[in-house]
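Contents: one structure, followed by commentary.
Numbers here are sequence positions counted from 1. Both ligands and their constituent atoms are indexed starting at 1 by order of listing.
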Amino acid sequence: MRRSYIAGNWKMNKTVKEAVTLATELKEAGSSKNKIMIAPPFTALSAVSEVLKGTEIILGAQNMAIAESGAHTGEISVLMLKDLNVDTVILGHSERRHIYGETDEVINKKINLALTHKLEVILCVGETLEERESGKAESVVTKQLVEGLKGVKSGNLPSITIAYEPVWAIGTGKTATPADANAIHKVIRKKITELYGEKEAEAIIIQYGGSVKPGNVTDLMAESDIDGALVGGAALKAETFIPIMNYNK
Ligand code: PGA
């Protein structure tokens with residue numbers, strides 16, 4: 001049985017004070033059956049890390065630099081994240097791919113660097129509306145998956161979560177139907193079987209992301225291959241994130 005994994009991606013929202021307030025509310029909600037992670041903006045990581053001490057909520061970052069240190073103005077290194085007790089990092093989010101031009105190659109380098117430093121990774125994959133409508137959803141997602149995982153040894157696979165996030169469903173209020181999402185999740189799991197083997201594919205957590213809300217989480221999570229959610233908008237308020245965190249309580 002795979003343990004469900006619910007992650008909140010706060011994106012470019014929340015001052016330090018607001019972040020501490022939300023993290024405190026989540027902490028006070030008590031423990032969940034599910035694995036829970038929140039990814040505040042970089043500026044709030046330190047303060048939120050203090051709030052989360054002694055809880056089961058995992059601290060995540062939303063991105064990371066391609067190198068450990070040096071001349072990379074404006075970037076944040078894996079060593080700095082480790083220094084703030086960050087456990088996991090979201091890589092390849094569609095906003096990084098589409099707004100900031102991150103390629104599969106860049107994302108792959110970041111993934112291997114994160115793993116070297118024992119950070120867990122959520123690798124995001126997903127097709128645009130145009131790609132879906134032209135029947136390319138499966139091939140786009142498969143390519144992002146295969147390129148993203150280049151050089152990742154099977155021993156490191158337990159540190160990787162895949163998040164399937166159809167770009168057309170992110171922040172738009174349009175959710176993939178549970179069945180449509182599950183179909184792509186199955187494609188992902190099959191590819192993991194080909195790349196690593198059946199045991200590894202059975203164990204890997206594949207999250208769905210894209211307009212997940214308290215009202216649709218239960219139906220999405222009921223699908224055979226959907227093992228959790230990566231939540232954006234609804235992660236910004238305790239009143240919407242707590243019911244998602246505890247959808248199966
Ligand atoms: P959303 O974002 O829940 O606001 O659609 C999801 C994401 O980008 O991870």
Side-chain angles (χ1 to χ4, degrees), residues 4-14 18-19 22-23 26 34-42 44-45 48 57-64 86-102 107 110-111 114 120-129 131-132 137 140-141 144-145 148 160-178 180-182 184-185 188 205-221 223 226-247:
S4 193
Y5 181 8
I6 306 290
N9 172 13
W10 295 3
K11 306 192 180 181
M12 197 173 68
N13 295 290
K14 308 264 178 219
E18 290 165 348
L22 177 54
L26 300 180
N34 309 312
K35 176 172 171 179
I36 308 294
M37 182 276 265
I38 52 175
F42 290 126
L45 284 172
V48 170
I57 302 175
I58 294 165
L59 184 63
Q62 301 171 18
N63 186 28
M64 178 192 105
V86 167
D87 300 297
T88 189
V89 60
I90 300 170
L91 294 172
H93 190 278
S94 70
E95 287 146 21
R96 299 300 318 169
R97 293 178 189 267
H98 296 291
I99 308 176
Y100 297 99
E102 287 193 14
I107 294 158
K110 292 183 178 187
I111 290 173
E120 288 193 12
V121 170
I122 295 181
L123 164 60
C124 303
V125 296
E127 81 287 358
T128 62
L129 186 57
E131 288 162 344
R132 170 154 286 255
V140 167
V141 165
Q144 291 173 345
L145 183 71
I160 303 251
T161 296
I162 309 296
Y164 168 57
E165 300 204 300
V167 179
W168 47 272
I170 296 178
T172 58
K174 287 185 200 152
T175 324
T177 64
D180 281 350
N182 199 47
I184 300 287
H185 282 233
I188 293 171
I205 299 297
I206 309 176
Q207 297 173 320
Y208 168 79
S211 298
V212 175
K213 304 267 181 298
N216 60 21
V217 65
T218 315
D219 284 351
L220 285 161
M221 297 308 122
E223 292 291 329
I226 303 184
D227 312 315
L230 180 54
V231 186
L236 293 174
K237 283 190 188 152
E239 69 204 60
T240 45
F241 194 59
I242 291 170
I244 298 175
M245 264 166 53
N246 294 326
Y247 73 91

- Message: Going by the rule side-chain contact (heavy atoms from CB on, under 4.5 Å), which residues pair with A137 if we only count those two or more places apart in sequence or in a different chain?
- Response: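 Checked A137 against side-chain contact (heavy atoms from CB on, under 4.5 Å); matches are E127, R132, I184.
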
- Query: Who pairs with S211 by side-chain contact (heavy atoms from CB on, under 4.5 Å), at least two apart in sequence or on another chain?
  - Reply: T172, T175, K213

- Query: Quick one: side-chain hydrogen bond (donor to acceptor under 3.5 Å, both in side chains) pairs with a partner in residues 228-246, sequence neighbours left out?
  - Reply: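 Non-adjacent pairs meeting side-chain hydrogen bond (donor to acceptor under 3.5 Å, both in side chains): S32-N246.
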
[atom1]-[atom2] distance between [X] and [Y], expressed to the nearest 0.5 angstrom:
{"X": "N9", "Y": "Q62", "atom1": "CG", "atom2": "CD", "answer": "5.0 Å"}
{"X": "I58", "Y": "Y5", "atom1": "CD1", "atom2": "OH", "answer": "5.0 Å"}
{"X": "I90", "Y": "R96", "atom1": "CD1", "atom2": "CZ", "answer": "11.5 Å"}

- Item | Under 4.0 Å from ligand 1 - residues by heavy atom, chain and number |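 For ligand 1, the residues that come within the 4.0 Å heavy-atom cutoff are N9, K11, H93, E165, A169, I170, G171, G210, S211, L230, V231, G232, G233.
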
